[in-house]
Amino acid sequence: MTKRRDFIKISALGLGGAAIATSGLNFAGSKLMATPQGGEKVKGTNLRRFPTYCEVCFWKCAGWTYVDDKDEIVKVIGNDEDPHCNGRLCPRGTGGPGMYNDKDRLKTPLIRVEKNGEQTFREATWDEALDYTAKRLKEVADKHGPECVALFNHGSGGKYFGDLLKAFGSDNIAAPSFAQCRGPRETAWIATYGEAVGSPEPTDIRDTKCLVLIGSHIGENMHNGQVQEMSDAIDKGATIITVDPRFSTAASKSKFWLPIKPATDIALLLAWIHVLIEEEIYNKEFVEQYTYGFDLLKKHVKNMTPEWAYGETTIKPDIIRKTAREMAQAAPAVIVHPGRHVTWYGDDTQRIRAVAILNALLGSWGSRGGFYMKESAHLPKPKLPPFPKPKRNWRDAYPGQYNLASLALSSGICDATIPSSNRDCSFKAWIVYGTNLPLTLPNINNTLNAISHLEFMVAIDTMPMEVTGYADVVLPECTYLERYDLIRTSPHREPYVALRMPAVEPKYDSKPGWWIAKKLADKMGLGDYFPYDDITELLDWQLKHIGSSLEEMKKIGVRKLERESGPLYFTKGEEIEFNTPSGKIELFSNELAAENFDGIPVYTKHPQPPQGFYRLIYGRAPMHTFSRTANNANLTDLMDENSVWVNPKVARLWDLKTGQKVWLKNQDDVVTTYPLKVRITERIRWDSVYMVHGFGHSKKELSRAFGKGANDTEMITKVMMDPIMGGTGMRGNFITFLTEKPEEVES
Amino acid sequence: MRYAMAVDTRKCVGCSDCVVACQTENNVPIGFCRDWITETVDGTYPNVEIELRSERCNHCDNSPCVRCCPTGASHIVEGGVVLVTHDECIGCGACIQSCPYDARYSHPDGYVDKCTFCMHRVEKGQKPACVDVCPTKCLYFGDLDDPNSDVSNALRNRKYKVLAPEAGTKPQIYFLT
């Protein structure tokens, strides 16, 4: 019997066990900051190239940074050997130099001081800023315990600060990418298949015969490898079914577009399950061999007919049947995509559970054209002193709640920073790395209230994002094009390693994340947890363990390794034990039931917008990543503000014109700080509006982004909490239009 | 030899990667572009269609920009590619007015600029930067006279159209529909 998940674990342990003691690391006394000398000359040009992997989004495509003879970065091009991008970066990756060239970058460490009764930042040396940070963090720890310090992070450098925090005595390490994004998906997948979906998603789109997207707008989200494979699938004539209240780009490529009434997706999913079971077109062999709870599921969906779902979703019964049959016909080469940003209505774990169940009925898990069995490269870890055991963590703020959250909740830590009489300790200090919390967490006033209760906050970023304005210390990181980071080992069809190295010296007085964390550790007496002078020593040591070296990786950038965990797909009849309570794929979840949640998803009605209000749906544009690219000159050149999409019928009611500026007001009377342009389009339902997330920046230091477009996060004051894992459902907010500038409201 | 390009509108997602790649490859100043994305929306909700097109100079066989150029800066080279010799261009803008595709812009340095099909790359056996970067592989470039070229293969079994055929310019960018 194969235990695929455990096998990977064991293999990781095996390598970990091979890690030699720190003293065994042959660390040459190298320069503190490796300089980007060399680089491979590009024939017939004045250019040299250096390997990197992209940091403009989380997909982390590997590429080459091209530098001219004046040491200027001219372009970044994808690495042909990298399966994340296949030599083709997306517009954001191609526009990466805009991040490096941005004149608004953070240039030097800053310390908050009071001057003539006003708070302001003063420029500081690194020594000063790090000494001060170390001192303030220690003060918080002395007074309240180190576990009252939390880290919020996004991106490659988060690991260094996570290690620092663990060494300090706190494991409150959160990323908004969990509770504000893909957390419900991972919890649902663990409950069903015993493992998380992970990133990149192991969707075998290139060989699929049928791709089902539920609110997932591939092509507008530029999850590069997936966009590429969707294009391959279109070439091969695959059927695409898109469920979305908006006519997304993906919908325009689809054979079936189901313009669903928002917040009713679970009804559609249960009806699809009903059709597969009632018409007996589910994958019987797969269900029999691998799943648990089929009879309970069958009973559960008995009355959930397409006719019933029609009343909820507005999707016609014959379309529901037809699309279910399309899926069954393609099975097992079918993907009902688990999505990525799935924190919508608070029952998100259950919605994704329904997606997971649907996939199981189709037998797509472990099948060609469905989901492949991913594998990552495993690198040895240097032997570190043991981390102190924290006395408590964020979970103690929520006794009995969110037990199935597999990672820390950003929103949970934020809420638990606001002092409350029924908690014995709140968070007192935050370290914020690479995440712009006021534009990321819902309910900005709540976030700012939490920040106001902090005794200390340090922000590490490349740009003067809003969050840096609230920090006591701001530490400027150099961009990914100017630094080394850890070897990328994210999973794919085969395990790969990818190197990021600097192509140029860091601009201004900015430093790499690893250097900042290590120096801070030194000053806090935790230097033993960073057993290297320069990170290249660690990288070279790790690479040599897998038969490569830093020297080799500088030349090739990406290297493919052999799979160790068996074939890419389940073999016929293969016996597999899944990491669930029953050892099977759980159609009925014992894990959820044990926590007193529904073992099988139940559809509940959600509020619909009142008269004169419209549901706010937000999403992505292909040339931007959240709020972090809104000041990148190469990318603002393509799109420098967002607009609000309004159906023509609605526009007529309000007498709106395309290009006209409006302010949005939500159900709680919150008005956007800035107006945004109206885009009248047939691409959106009449009960909803749509806007791209990440605009409406309020920080003047972001000269191109300041005041451009509106910030959707301001409108997200109502949060529909997922009781299972603490996800913040953000699509239950309704807005109306203000055509005239509202009077200044007290903030 | 006749260079041409085909754009598969069924695959293009309108991400504008072609635009950024062209800007960085050809050092196009911020605020200008040699290629761009057009989106057309037809129908009424929920019966809607979108066409997304990556557009650029059509390198027309019958090119009004070349005919109207007073200095001869705009000219046609082997393979039918329309180019502008920057130091012969006086920046009068007649070509900009004459182009039915709005494919040319005035460069801040005083000359008119536009897509070159990346001839500096093509001469070395590479493809134009936009073609090489496109994540959906919706751009096909090559020699129409070569039946095995990417563009010939792309056009062989598909319906296609050109933009503004009524202008009589004989454009060489083909849109697969």
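Chain letters run A, B, ... following the sequence lines, proteins first and then strands; every chain starts at 1.
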(message) Consider side-chain contact (heavy atoms from CB on, under 4.5 Å). Of B:Ile50, B:Thr44, B:Asn47, which one does A:Glu682 pass it with?
(response) B:Thr44
(request) Taking the six-membered ring for Trp and the single ring otherwise, decide whether the centroids of A:Trp257 and B:Tyr45 are under 6.0 Å apart. (result)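 Yes - the distance between ring centres of A:Trp257 and B:Tyr45 falls below the 6.0 Å cut-off.
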(request) Please examine the side chains of A:Lys253 and B:Val13, heavy atoms only from C-beta on, and report whether any two atoms are closer than 4.5 Å. (result) yes
(message) Between B:Cys15 and A:Met623, is there a side-chain heavy-atom distance shorter than 4.5 Å?
(response)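 No. Closest side-chain heavy atoms not under 4.5 Å.
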Counting heavy-atom pairs under 4.5 Å to chain B, which of [options] comes out on top?
| options | answer |
| --- | --- |
| A:Pro622, A:Gly87, A:Ser231 | A:Ser231 |
| A:Glu220, A:Gln228, A:Arg92 | A:Gln228 |
| A:Leu89, A:Val76, A:Thr636 | A:Leu89 |

Check whether [X] gets within reach of chain A through its side chain, its backbone, both or neither, counting any heavy atom under 4.5 Å.
| X | answer |
| --- | --- |
| B:Val133 | both |
| B:Val131 | backbone |
| B:Cys134 | both |
| B:Leu52 | side chain |

(request) Please report the closest heavy-atom contact between B:Lys124 and A:Gly44, naming both atoms and the distance. (result) NZ-O, 4.4 Å
(message) Please find the pair of heavy atoms, one from B:Tyr140 and one from A:Asp235, that lie closest to each other, and give the distance.
(response) OH-OD2, 4.2 Å
(request) May I ask you to decide whether A:Arg683 forms a salt bridge with B:Glu39, counting only side-chain N to carboxylate O separations under 4.0 Å? (result) yes
(message) Taking B:Lys137 first and then A:Asp232, would you say they form a salt bridge - that is, a charged N and a carboxylate O separated by under 4.0 Å?
(response)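 Yes.
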(message) Less than 3.5 Å apart, any donor N or O on the side chain of B:Gln23 or A:Asp637 sitting next to an acceptor on the other?
(response) yes
(request) Side chain from CB out, backbone as N, CA, C, O: work out which of these in A:Ile684 comes under 4.5 Å of a heavy atom of chain B, or both, or neither. (result) backbone
(request) Check each atom of A:Asn86 against the heavy atoms of chain B and say whether the ones under 4.5 Å are side chain, backbone, both or neither. (result)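 Contact with chain B involves no heavy atom of A:Asn86 at all.
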(message) So which residue, B:Val20, B:Asn27, B:Thr24, ends up with the most heavy-atom pairs under 4.5 Å with chain A?
(response) B:Val20
(request) Between chain A and each of B:Cys33, B:Gly14, B:Gly43, B:Ala129, count heavy-atom pairs under 4.5 Å; write down the option with the most. (result) B:Gly43
(request) Enter the distance from A:Leu638:CG to B:Ile37:CD1 here, rounded to the nearest 0.5 Å. (result) 9.0 Å
(message) Rounded to the nearest 0.5 Å, what separates atom CE in A:Met222 from atom CG in B:Asp17?
(response) 6.0 Å
